[in-house]
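In the text below, chain A, chain B and the rest are named by the order of the sequence lines, each starting its count at 1.
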There are 2 protein chains.
Amino acid sequence: MNVQRRRTKILNLIRTRPVLSQSQLSQRLKAEGCHATQATLSRDLRALNLVKTHAGYKLPDQLGANGDNTERQRLTIIQFMVEVQAAGNLVVVRTHPGNASPVALSLDTIGWKEIVGTVAGDDTILVVTANAATARLVRRRLLALNN
Amino acid sequence: MNVQRRRTKILNLIRTRPVLSQSQLSQRLKAEGCHATQATLSRDLRALNLVKTHAGYKLPDQLGANGDNTERQRLTIIQFMVEVQAAGNLVVVRTHPGNASPVALSLDTIGWKEIVGTVAGDDTILVVTANAATARLVRRRLLALNN
DNA sequence: GCCCCAAAAGAATAAATATGCAAACAAGCG
DNA sequence: CGCTTGTTTGCATATTTATTCTTTTGGGGC
C-alpha cells in the first residue's frame with residue numbers, strides 16, 4: 001500500500017465520519033486492507049495538514065461550520081464591548097478602538113437568529129435586526145453576557 | 001484569577017503568536033501573573049473550541065488562511081479528476097460523477113495564482129483563467145499532478 | 001461568622017501523539 | 001547484479017494531552 005493511496009483513504013474516512021484517534025484510524029484503515037502504524041499516521045496527518053478538534057480530526061474547511069460553541073464569542077464580546085444602544089431596527093455596539101472587527105465576527109458566528117448581519121468600522125458595529133423590538137432584545141442579551 | 005479572565009488571556013496569547021503546547025501556554029500565562037496547570041488548560045482549550053494544528057493551537061477562523069500546504073488538495077484532485085481540456089481562457093475539468101465539488105474546492109485553495117475562480121456542476125468544473133495561454137498552462141500543471 | 005452546595009483547580013495517572021533511530025525498500029547507476 | 005543514496009516505515013520511547021479523583025474555592029442562606 002503506497003503513501004498516496006493510504007493518504008487518500010485517510011481523507012475519505014475523515015470526510016465521512018469522525019475519527020477520534022490515530023489508533024482508531026489505524027483500525028479503520030486495516031479494515032480496508034491498508035496497514036499502517038500509529039507513527040506513520042501521525043506523519044500522514046501532519047502531511048495532510050489536518051487539525052485535531054475535540055470532535056476528531058478535520059479538514060480545515062470542515063471547521064467554520066460546526067460553530068455550536070459560543071464561549072469564545074462571548075468572551076471576545078465582553079472583552080471589547082464598551083456600550084450598546086438600540087436605534088430603530090439597529091443595535092449600535094461601541095468597542096475599544098480598533099477592536100470592532102473581532103467583536104463583529106463573534107456576533108456573526110454566535111448563532112443568534114435575531115442578528116441579520118453586521119457592519120464593523122473601527123470602534124463601532126451596526127447590528128441589523130428585523131425590527132425595533134428585536135433590536136432591543138439583542139441589546140438586552142448583549143448586556144447580559146457578562147453574567 | 002478567575003476562569004473568564006484566564007480564558008480571555010488565552011485567546012489573546014493564541015491570536016498573537018503560536019502556542020505549541022499546553023505547558024508552554026502555562027508558562028506564558030504565568031509570565032502574565034496567571035497561574036494554571038496543564039490539566040486546567042486542557043479543559044480551557046476544549047471550552048474555547050480551539051483546534052490543534054502542527055503549528056500550534058488556533059481559532060477555527062485562523063485556519064483557512066495558512067493554506068500553504070497543498071498535499072491534500074493534490075490528492076483530492078488526482079483522486080477524482082478524469083479529464084482536462086483547455087478552451088479559450090477556461091479549463092474544463094471532468095471528474096467522477098458527483099465529485100466536482102471537492103475537486104473545485106481544492107482548486108480554489110491550492111494557491112495557484114493563475115486560477116481566477118471555479119464553477120462546479122456534478123462532474124464538471126469550469127476553471128477561469130486570465131487568457132488562453134494561462135489556461136493551457138493550468139491544464140499542463142493539472143496533468144502533471146500525479147508525478 | 002458557619003454550613004452547604006456547586007464550580008473550579010490540582011495531583012496523579014491514563015491515553016494519545018510525536019520523534020530518534022534503525023531496518024526495509026526503491027530508484028538510479030556502474 | 002551489487003552498490004549507493006534517499007525515502008518510507010516500524011519500533012521504542014519521549015513528549016504531550018485527557019481524565020479521574022480529590023481538594024480548594026467562592027458564593028448564597030441562615
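- A/L107 and A/L90 are not part of a single hydrophobic cluster, where members link through side-chain heavy atoms under 4.5 Å apart.
- Between the C1' atom of C/dC25 and the CZ atom of A/R6 lies a distance of 14 Å, rounded to the nearest Å.
- Of the listed nucleotides (C/dA11, D/dG10, C/dT19), C/dT19 has the atom at the smallest distance from the side chain of A/R46.
- Look at CG on A/D44: it is 14 Å from C1' on C/dT17, rounded to the nearest Å.
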Write out a two-atom table: protein N or O, nucleotide N or O from nucleotides 13-17 of chain D, distance below 3.5 Å.
residue : atom : partner : partner atom : Å
D/dT17  : OP1  : B/K52   : NZ           : 3.2
D/dT17  : OP1  : B/Y57   : OH           : 2.6
D/dT17  : OP2  : B/Q22   : N            : 2.7

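- Shortest non-hydrogen contact noted between B/A100 and B/G121 is CB-O, 3.2 Å.
- Here the C1' atom of nucleotide D/dG26 and the CD atom of B/Q4 are 15 Å apart, to the nearest Å.
- You'll find the side chain of B/R141 stays beyond 4.5 Å of the side chain of B/R139, heavy atoms only.
- Between the CG atom of A/L50 and the P atom of C/dT17 there is a distance of 12 Å, rounded to whole Å.
- Shown here is A/R5, whose CZ atom has no more than 12 heavy atoms of other residues, nucleotides or ligands within 6.0 Å.
- B/H54 comes within 4.0 angstrom of no nucleic acid atom, judged by non-hydrogen atoms across all strands.
- Within 3.5 Å, no donor on the side chain of A/R43 pairs with an acceptor on the base of D/dT7, nor the reverse.
- The two residues A/A135 and A/G88 make their nearest non-hydrogen contact at CB-O, 3.4 Å.
- A/R94 places no side-chain N or O within 3.5 Å of a backbone atom of A/V82 that could act as its donor or acceptor partner.
- Protein atom CG of A/L25 is 17 Å distant from nucleotide atom C1' of C/dA15, rounded to whole Å.
- The side chain of A/T37 places an N or O atom within less than 4.0 Å of a non-bridging phosphate oxygen (OP1 or OP2) of D/dG10.
- Between the A/R6 side chain and the A/C34 main chain, no donor and acceptor come within less than 3.5 Å of each other.
- If you take CG of A/N49 and C1' of C/dA18, they are 16 Å apart, rounded to a whole angstrom.
- B/T95 and B/D123 form no side-chain donor-acceptor contact under 3.5 Å, judged by distance and modelled atom types alone.
- In this entry the distance linking CG of A/N2 with P of C/dA27 reads 11 Å, nearest Å.
- B/I125 and B/I78 fall within a single hydrophobic cluster, where Ile, Leu, Val, Met, Phe, Trp and Tyr side chains are chained together by heavy-atom contacts under 4.5 Å.
- In this structure, the helix from C/dG1-D/dC30 to C/dG30-D/dC1 shows an angle of 20° between the axis at its start and the axis at its end, each fitted on 5 base pairs and rounded to 10°.
- Distance, A/K30 NZ to D/dG10 C1': 14 Å, rounded to whole Å.
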